[in-house]
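We're numbering straight along the sequence, starting at 1. Note that ligands are numbered from 1 as they come in the structure, with each ligand's atoms numbered from 1 the same way. Computation of the quantities below employed the complete heavy-atom set of this structure, encompassing side-chain atoms and omitting hydrogens, waters and symmetry-equivalent molecules.
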Amino acid sequence: MTNMTTNIGGLKMKNPLITASGTCGYGREMSELFDLSLLGGIAVKGTTLEPRLGNPPPRIAETPSGMLNSVGLQNPGIEAVLTKELPFLSQFDTAVILNIAGHSIEEYGLIAERLDSAANLAAVEINISCPNVKAGGMSFGVDPKVAAQVVSLVKSKTKLPVIAKLTPNVTDITEIAKACEAAGADILALINTVLSMIIDIETRRPLLANGFGGLSGPAIKPLAVRMVWQTAQAVSIPIIGMGGISTAEDAVEFLLAGASAFQIGSINFHNPCAAPQIISGLDRWCDDHGVKNIAELIGAAH
Ligand SMILES: Cc1cc2nc3c(=O)[nH]c(=O)nc-3n(C[C@H](O)[C@H](O)[C@H](O)COP(=O)(O)O)c2cc1C
């Protein structure tokens, strides 16, 4: 048995695997398939101040080695999450991470100030990939100053460890990473989905009703590994890596690039039992390679 315990930026987990936001809902469906207490953590669906229906369909499409989504943050709103969803998750011994989203800087603050009342939250993850309505729909996460404002506001409103989840849709992710670190982020998570498009050649129209969608899955893994590598060289706070992880070996690659923990997203749709399989696969891989403590792998490729 390898020591897999992970203690990063105030977030303690029994192993480094977290199921990614938007791919495991609030845990209910997954809990029928395996014991959620096996997970290092669960990052629940992006939650906004008010309930949201999300974008009209079609909003999911398959691509070679990946998928495109424009779900548009469908969620029941923070009140229902605090009163119905988080209490359900309190029966499991896993780190519950609340992913939050907003359409103005103030909205992030209004959600964050309600979080310390939740008994079983381990951390808050800020999705800064959403469109900033006041800035013409530009994502908060593409401007280092705006990203920093969101992080410092959230940080000032909660005692929870703050994870800034970065978008890859930028020229230089290290600029945004450094701004979030300076603004007080405890941990960085990367990457969110890659802005993409599919055109239906029969209708001659974009396939997704929203036009664009976010690409995820194996197709984006090398891009994500590159961004984790670059970010690990630019900041000193811990990194949670993700993007296309489908196997224990993929996870090892992210750890070697400099991530201290990792999330799995799209694979949960393809194989809903992937999480426990990757955790035991990682333990086996470490045994086979003489790794006694998972920490030995972090950044070892640099
Ligand atoms: C259907 C779907 C919904 C998602 N919803 C969210 C969300 O609400 N908040 C968020 O930060 N990321 C969201 N993501 C992004 C994932 O958490 C993850 O960053 C991305 O999919 C890359 O990981 P993967 O390649 O393992 O899927 C979503 C992804 C998918 C596929």
Side-chain angles (χ1 to χ4, degrees), residues 17-27 29 41-48 51-55 57-78 81 85 97-103 108 111 123-131 139-141 147 150 154 162-169 173 187-196 208 210 212-225 227-228 239-248 250-251 253-254 259 261-272 274-275 278:
L17 184 143
I18 303 163
T19 51
S21 177
T23 67
C24 53
Y26 293 94
E29 298 83 0
I42 174 169
V44 297
K45 176 65 189 168
T47 300
T48 50
R52 287 174 58 92
L53 289 173
N55 290 326
R59 52 190 201 173
I60 299 267
E62 275 194 58
T63 66
S65 296
M67 63 183 280
L68 228 66
N69 92 83
S70 66
V71 170
L73 295 172
Q74 178 180 351
N75 78 96
I78 186 66
V81 170
E85 305 298 347
I97 299 169
L98 183 66
N99 182 283
I100 64 168
H103 288 92
Y108 286 95
I111 306 173
V124 54
E125 181 178 73
I126 318 175
N127 175 4
I128 48 173
S129 300
C130 336
S139 155
F140 299 93
V150 176
V154 171
V162 170
I163 306 170
K165 182 166 172 184
L166 308 183
T167 171
N169 303 313
I173 200 162
I187 303 170
L188 299 175
L190 56 145
I191 60 175
N192 212 312
T193 56
V194 180
L195 191 62
S196 303
L208 296 178
N210 194 44
F212 302 140
L215 180 65
S216 59
I220 68 169
K221 201 190 81 180
L223 172 71
V225 170
M227 288 187 160
V228 168
I239 295 171
I240 300 173
M242 80 194 88
I245 297 176
S246 312
T247 63
D250 292 341
E253 207 177 325
F254 276 80
F262 59 92
Q263 297 192 8
I264 62 165
S266 305
I267 187 66
N268 295 316
F269 296 117
H270 185 69
N271 171 13
I278 292 175

Inset, instruction - Would you mind checking if Glu85 and Lys45 are paired as a salt bridge, meaning a charged N to carboxylate O distance below 4.0 Å? - result: no
Inset, instruction - Would you mind telling me which of Ser216, Ser139, Ser21, Ser129 makes a side-chain hydrogen bond (donor to acceptor under 3.5 Å, both in side chains) with Asn192? - result: Ser129
Legend entry - CA sep, side-chain torsions, deciding dist, call: Thr167, Ile191, side chain to side chain contact (heavy atoms under 4.5 Å, CB included): CA-CA 6 Å; Thr167 171; Ile191 60 175; over 6 Å; no
Show me a pair-per-line table, with atom names and distances to 0.1 Å, of protein N or O atoms that are under 3.5 Å from an N or O of ligand 1.
| residue | atom | partner | partner atom | Å |
| --- | --- | --- | --- | --- |
| ligand 1 | 5 (N) | Lys45 | NZ | 3.1 |
| ligand 1 | 8 (O) | Lys45 | NZ | 3.0 |
| ligand 1 | 8 (O) | Gly46 | N | 3.1 |
| ligand 1 | 9 (N) | Ser21 | OG | 3.2 |
| ligand 1 | 9 (N) | Asn99 | OD1 | 3.3 |
| ligand 1 | 9 (N) | Asn127 | ND2 | 3.3 |
| ligand 1 | 11 (O) | Asn99 | ND2 | 2.9 |
| ligand 1 | 11 (O) | Asn127 | ND2 | 3.4 |
| ligand 1 | 11 (O) | Lys165 | NZ | 3.1 |
| ligand 1 | 11 (O) | Asn192 | ND2 | 3.4 |
| ligand 1 | 12 (N) | Lys165 | NZ | 3.0 |
| ligand 1 | 14 (N) | Ser21 | O | 3.2 |
| ligand 1 | 17 (O) | Ser21 | O | 2.8 |
| ligand 1 | 17 (O) | Lys165 | NZ | 2.8 |
| ligand 1 | 19 (O) | Lys165 | NZ | 3.0 |
| ligand 1 | 19 (O) | Ile191 | O | 3.0 |
| ligand 1 | 25 (O) | Gly217 | N | 2.8 |
| ligand 1 | 25 (O) | Gly244 | N | 2.6 |
| ligand 1 | 26 (O) | Gly244 | N | 3.4 |
| ligand 1 | 26 (O) | Gly265 | N | 3.0 |
| ligand 1 | 27 (O) | Ser266 | N | 2.7 |
| ligand 1 | 27 (O) | Ser266 | OG | 2.7 |

Legend entry - Sidechain-backbone polar pair: Asn271 side chain, Ile267 backbone, donor-acceptor under 3.5 Å: no
Inset, instruction - Please answer whether the main-chain N or O of Leu195 pairs with a side-chain N or O of Asn169 as donor and acceptor at a distance below 3.5 Å. - result: yes
Legend entry - Distance-only donor-acceptor check, side chains Thr48 and Asn75, under 3.5 Å: yes
